[in-house]
Chemist: 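Below is the structure I would like to discuss, written out as structure tokens.
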Amino acid sequence: MGNMLTQRVGELAAATSLLDIKHIPAARLHRLKGARADEFAVDLVHPYRLVFRPILQEGVDIFDLESINIIRIEEVTDYHGKQKR
């Protein structure tokens, strides 16, 4: 788990935007739903995910992955089967 977490954080740090992460198939960047619709996640070691929130600049939409270049890591979690927050 530690190696994969280090790899994903390194990929996020090296990326110029979330679009770069979208092009890494193993990361499986995906936007969360429901109460977490303003967050994204990438795969770690199944079933764990690295969850983060984009820090949107003025005029940038959450769907514009190419314009998102600042994030805040929220947690490492297995959110499957848990009650949604």
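Worth knowing before you read on, the calculation uses all heavy atoms, side chains too, and leaves out hydrogens, waters and symmetry mates.
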Chemist: Can you check whether Leu12 reaches Leu18 side chain to side chain, under 4.5 Å on heavy atoms?
Modeler: yes
Chemist: Of all residues at least two apart in sequence or in a different chain, which pass the side-chain hydrogen bond (donor to acceptor under 3.5 Å, both in side chains) check with His30?
Modeler: Tyr79
Chemist: Examine Ile68 and Ile70 and state if one hydrophobic cluster contains both, with Ile, Leu, Val, Met, Phe, Trp and Tyr joined whenever side-chain heavy atoms are less than 4.5 Å apart.
Modeler: no
Chemist: Got a sec, which residues hit salt bridge (Lys or Arg N to Asp or Glu O under 4.0 Å) with Asp43, two or more places apart in sequence or on another chain?
Modeler: Arg28, Arg49
Chemist: Nearest 0.5 Å please: distance from the NE2 atom of His46 over to the CG atom of Asp78.
Modeler: 7.5 Å
Chemist: Does any part of the side chain of Ile62, heavy atoms only, come nearer than 4.5 Å to the side chain of Phe40, both counted from C-beta?
Modeler: yes
Chemist: Ile21 and Leu56: same hydrophobic cluster, using ILVMFWY side-chain contacts below 4.5 Å?
Modeler: yes
Chemist: For the hydrophobic clusters of this structure (ILVMFWY residues joined by side-chain heavy atoms under 4.5 Å, transitively), does one cluster hold both Leu29 and Val51?
Modeler: no
Chemist: Could you list the residues that satisfy side-chain contact (heavy atoms from CB on, under 4.5 Å) with Ile73, not counting sequence neighbours?
Modeler: Val9, Leu50, Phe52, Ile71
Chemist: Please, which pairs that meet side chain to side chain donor-acceptor pair (under 3.5 Å) have at least one residue in residues 56-65, sequence neighbours excluded?
Modeler: Asp64-Ser67
Chemist: What residues, two or more places apart in sequence or in another chain, satisfy salt bridge (Lys or Arg N to Asp or Glu O under 4.0 Å) together with Glu11?
Modeler: Arg8
Chemist: For Gln7, does the CD atom sit with more than 12 other heavy atoms under 6.0 Å from it, leaving out its own atoms?
Modeler: yes
Chemist: What residues, two or more places apart in sequence or in another chain, satisfy side-chain hydrogen bond (donor to acceptor under 3.5 Å, both in side chains) together with Asp38?
Modeler: Arg53
